[in-house]
Number of protein chains: 2
Amino acid sequence: MSENTEQIILKAAHDTFLEHGFDGTSMQMIADAAGMNKALLHYYFRSKDKLFQAVFISIFGKFIPPLIGIMSSERPFFERLELFVFHYIDNINKNPLVPLFILHELKRNPDQFLNIIKSSGIDPKVILALLKKEMDEGNIIEMDPRQLFINILSLCIFPIAAKPMMKGLFFNDSDEEYASFIESRKKEVSRFIINAIRKP
Amino acid sequence: MSENTEQIILKAAHDTFLEHGFDGTSMQMIADAAGMNKALLHYYFRSKDKLFQAVFISIFGKFIPPLIGIMSSERPFFERLELFVFHYIDNINKNPLVPLFILHELKRNPDQFLNIIKSSGIDPKVILALLKKEMDEGNIIEMDPRQLFINILSLCIFPIAAKPMMKGLFFNDSDEEYASFIESRKKEVSRFIINAIRKP
DNA sequence: GTCTATATCGGGATAGAC
DNA sequence: GTCTATCCCGATATAGAC
C-alpha cells in the first residue's frame with residue numbers, strides 16, 4: 001500500500017494545513033485525519049517541515065498558473081478580462097482558504113517562495129506585457145500595468161480572503177448572503193474594472 | 001512599578017503576536033521581548049488567551065474606526081473619497097502587519113469578532129448609507145453599496161497584505177520598489193475608483 | 001510498511017521564596 | 001511585584017517489535 005498511503009497522508013496534510021496553518025497544525029492532527037499513526041508520517045516524510053513543503057508547493061500551484069491561460073487567448077481584451085475575472089473568482093471561491101493560507105505562510109517564511117517560483121517556471125510577468133500591449137494599442141487608458149493587474153487581483157481575492165470579517169460586518173453573519181454577494185461579483189468586478197480603464 | 005509593567009507586557013505582546021500570530025507565539029517569546037520572566041505574564045494576565053484577547057482588541061481598534069471619520073465630512077464626495085483612500089493606505093502602510101494578522105486570527109477564531117464589534121459600538125454600515133446617498137442624488141452610478149465599499153477596501157488593503165508575494169512576483173524582491181509602488185497607489189487608487197463610478 | 005513505546009524537548013501554567 | 005523551580009502536558013521525532 002506504499003504508493004497509496006503517501007497520497008492519503010498528502011491529502012490529510014493538505015486539508016489540515018490549509019485549515020489551521022503550519023503553526024496551528026500538529027502531526028497528531030494530520031495522523032488522525034489520515035486514519036493512521038503519526039509515526040507513519042515521519043516514515044514517509046521525515047519531518048513536519050518536509051511534509052509542509054510538499055503541501056505548500058501543491059497549493060501554491062493551484063493559485064498562480066490559472067491566471068495565465070485565459071489572458072493569453074485571442075479574443076477581444078474586455079472579453080478576456082471578463083472571462084478571467086469570472087473564472088478566477090469562481091476558482092478562489094471553490095478554494096476559499098487558499099489565499100489567506102498562502103499569504104500567511106509566505107509571510108511566516110518568505111524564503112521558500114522564490115525557490116518555488118523559480119523551480120516551477122511560472123512567470124506572471126507575461127500578463128503585464130499583455131496589459132501593456134492593450135495600452136500601447138490605445139484600447140485602454142495608460143497606467144502602470146502592475147497597478148492595473150494588482151487592482152484586478154485585489155478585487156478578485158480580497159473579498160473572499162476577508163470573508164470572516166466582511167460576513168460579520170455587512171452580511172449579518174449569514175453564509176447565504178455572502179455566497180450570493182460573491183456570486184454577483186463574478187460579473188460586477190469586470191464591469192467595475194472596465195469602467196475604470198475604458199477610454200473616454 | 002505595577003502600572004508600568006502591565007504596559008510593557010502589552011507592548012511586547014502586541015509586537016510579538018502581530019509578527020507571529022497566536023499559534024506562532026510562545027509566552028517565552030513575549031517574556032523575552034518584555035525583558036522579564038514569563039511567570040510575570042501570568043501574574044498580570046492569567047493566560048495566553050486573555051493576553052491575546054487584550055492585544056487583539058487594541059489592534060482591531062486601529063483598523064476599523066479610521067474608516068468612518070473622513071467619509072462623514074461635508075466636502076464633495078470625490079474629494080472625500082480621495083482623502084479616504086489616501087489616509088487609509090497611508091495608515092495601513094505604516095502598520096503593514098495589521099491586515100493579515102486580523103484576517104488570520106479572525107479565521108482562527110471567528111467568535112471573538114462579533115463580541116468585539118458589538119461592545120465597541122462601531123458600525124461601518126453608516127458608510128454604506130453615505131454611498132447610497134450619493135447614488136440616489138445621481139452623483140455616481142447605481143450599484144450595491146457593499147460592492148462599492150468592499151471594492152475600495154480591497155484596493156487599499158490587499159496590495160499591502162500581499163506584499164511578501166507581490167514583491168517576489170513583480171518587484172524583484174526589492175523593498176524600495178515596493179514602497180514607491182504603494183506610495184503611488186495613494187493617488188492611483190482613487191483615480192481608478194472615480195473612473196469606475198463616475199457618471200458617463 | 002505499520003504499529004507501540006519511548007526519548008527529548010518546549011509549551012502553558014502554578015507554587016512558593018524573597 | 002518579581003523571581004526560581006517545578007508540574008504537567010503535548011509537541012516532534014526515533015527505536016524497535018511485528
Side-chain angles (χ1 to χ4, degrees), chain A residues 1-59 97 101 104-109 111-112, chain B residues 1-59 97 101 104-112 115:
Chain A
M1 285 275 230
S2 123
E3 204 70 8
N4 198 7
T5 303
E6 186 170 331
Q7 292 308 311
I8 293 174
I9 293 174
L10 276 174
K11 175 79 170 74
H14 174 104
D15 295 348
T16 313
F17 279 134
L18 194 55
E19 176 69 34
H20 299 103
F22 181 84
D23 289 327
T25 297
S26 72
M27 294 297 265
Q28 187 60 60
M29 289 162 73
I30 299 173
D32 291 345
M36 64 185 64
N37 193 282
K38 62 183 170 162
L40 255 191
L41 308 184
H42 284 97
Y43 177 80
Y44 280 92
F45 305 83
R46 305 191 345 207
S47 68
K48 182 184 176 184
D49 276 282
K50 295 230 190 281
L51 179 50
F52 180 79
Q53 188 80 356
V55 167
F56 184 85
I57 291 175
S58 111
I59 293 179
L97 299 179
F101 170 83
H104 185 260
E105 298 304 330
L106 223 52
K107 182 204 162 302
R108 196 180 57 82
N109 183 3
D111 292 335
Q112 65 187 277
Chain B
M1 285 275 231
S2 123
E3 205 70 7
N4 197 6
T5 303
E6 185 170 331
Q7 292 308 311
I8 294 174
I9 293 173
L10 275 174
K11 175 80 169 78
H14 174 103
D15 295 348
T16 314
F17 278 134
L18 194 56
E19 177 70 33
H20 299 103
F22 181 84
D23 289 327
T25 298
S26 72
M27 293 298 264
Q28 186 62 58
M29 289 163 73
I30 299 174
D32 291 345
M36 63 186 63
N37 194 282
K38 64 179 173 166
L40 256 192
L41 307 185
H42 284 96
Y43 177 80
Y44 280 92
F45 305 81
R46 304 194 344 210
S47 69
K48 182 184 176 184
D49 277 282
K50 297 229 191 282
L51 180 52
F52 180 79
Q53 189 80 357
V55 168
F56 184 83
I57 290 175
S58 113
I59 294 179
L97 299 180
F101 171 83
H104 185 259
E105 298 303 330
L106 225 52
K107 184 206 160 301
R108 194 180 59 83
N109 182 4
D111 293 336
Q112 65 188 281
N115 300 332

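All values derive from a computational prediction rather than experimental measurement.
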Visitor: Please report, rounded to the nearest Å, how far the C1' atom of C/dT2 is from the CD atom of A/Glu6.
Guide: 15 Å
Visitor: Once you round it to whole Å, what is the distance between C1' of C/dT2 and CG of A/Asn4?
Guide: 14 Å
Visitor: At their closest point, which heavy atom of A/Asp23 faces which heavy atom of B/Gly24, and how far apart are they?
Guide: OD2-CA, 3.4 Å
Visitor: Is the distance from OP1 or OP2 of C/dT2 to the nearest side-chain N or O of A/Thr5 less than 4.0 Å?
Guide: yes
Visitor: In terms of relative ring orientation, are B/Phe52 and B/Phe17 parallel, tilted or perpendicular, with 30° and 60° separating the classes?
Guide: perpendicular
Visitor: For A/Met27 and A/Lys38, work out which heavy atoms get closest and say how close.
Guide: O-CB, 4.2 Å
Visitor: Does a donor on one side chain and an acceptor on the other come within less than 3.5 Å for B/Asp32 and B/Gln28?
Guide: yes
Visitor: For the pair made of NZ in B/Lys50 and P in C/dA13, what is the distance, rounded to whole Å?
Guide: 10 Å
Visitor: Which of residues 13-22 of chain A sit near DNA chain D, with a heavy atom under 4.0 Å from it?
Guide: none
Visitor: Please report, rounded to the nearest Å, how far the P atom of C/dG1 is from the CZ atom of A/Phe45.
Guide: 13 Å
Visitor: Atom CG of A/Leu40 and atom P of C/dT4: how far apart are they, to the nearest Å?
Guide: 10 Å
Visitor: List the atom of B/Thr25, the atom of B/Thr16, and the distance in Å for their closest heavy-atom pair.
Guide: OG1-O, 3.3 Å
Visitor: Are the side chain of A/Lys107 and the backbone of B/Leu97 linked by a donor-acceptor contact shorter than 3.5 Å?
Guide: no
Visitor: Do A/Glu105 side-chain atoms and A/Phe22 backbone N/O form a donor-acceptor pair below 3.5 Å?
Guide: yes
Visitor: Tell me, for nucleotides 8-18 of chain D in 5' to 3' order, what letter each nucleotide earns: B for a base near a protein heavy atom under 4.0 Å, S for only sugar-phosphate near one, - for neither?
Guide: ---SBBB----
Visitor: In whole angstroms, how far is the C1' atom of C/dG1 from the CD atom of A/Gln7?
Guide: 16 Å
Visitor: Mind listing the closest non-hydrogen atom pair of B/Leu41 and B/Ile9 along with its distance?
Guide: CD2-CG2, 3.7 Å
